[in-house]
Amino acid sequence: MSILIKNIDLLRDGKVLRDDILIEGNKIAEIGRVDCEADFKISGKDRIALPGLINMHTHLGLTLAKGLFDDVELDEFL
């Protein structure tokens, strides 16, 4: 299955560009001016595509102690 999203605003390197996105299966196959047949065509008018948001704020040290202090109150744990 392929999906072509036409004329969508893309946030790339801090700039907003208007391009097309071709998705084949579950992967992005092409970004740019795409001129091909697709199973589905979607208008990207008034839409924006953003890069995936990643949680960069984690408490890795606390995950190591997870479960060790289940019977302790929060004030005592901290």
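Just so it is clear, the model here is predicted, and its values are computed rather than measured.
More than 12 heavy atoms of other residues, nucleotides or ligands shown are found within 6.0 angstrom of CD1 on I48. Other residues, nucleotides and ligands contribute only 12 or fewer heavy atoms inside 6.0 Å of the CG atom of D35.
No path of Ile, Leu, Val, Met, Phe, Trp and Tyr side chains, each step under 4.5 Å between heavy atoms, connects V16 with I31, placing them in separate hydrophobic clusters. I21 and L17 are assigned to two separate hydrophobic clusters, defined by single-linkage of ILVMFWY side chains at heavy-atom distances under 4.5 Å. Put simply, V72 and L68 are part of the same group of oily side chains (I, L, V, M, F, W, Y) that touch within less than 4.5 Å, one to the next. If you chain together hydrophobic residues whose side chains sit under 4.5 Å apart, I8 and L22 never meet in one group. Residues I42 and V34 do not share a hydrophobic cluster, defined by chaining ILVMFWY side chains whose heavy atoms lie under 4.5 Å apart.
Using a distance-only test at 3.5 Å, with no hydrogens or angles considered, no donor-acceptor pair links the side chain of S2 to the main chain of E24.
Of the candidates R33, R18, K45, R33 is the only one forming a side-chain hydrogen bond (donor to acceptor under 3.5 Å, both in side chains) with N7.
Here the closest non-hydrogen pair linking C36 and L4 is O-CD2, 3.9 Å.
Taking CG from D19 and CD1 from I5, the interatomic distance works out to 12.0 Å, rounded to the nearest 0.5 Å.
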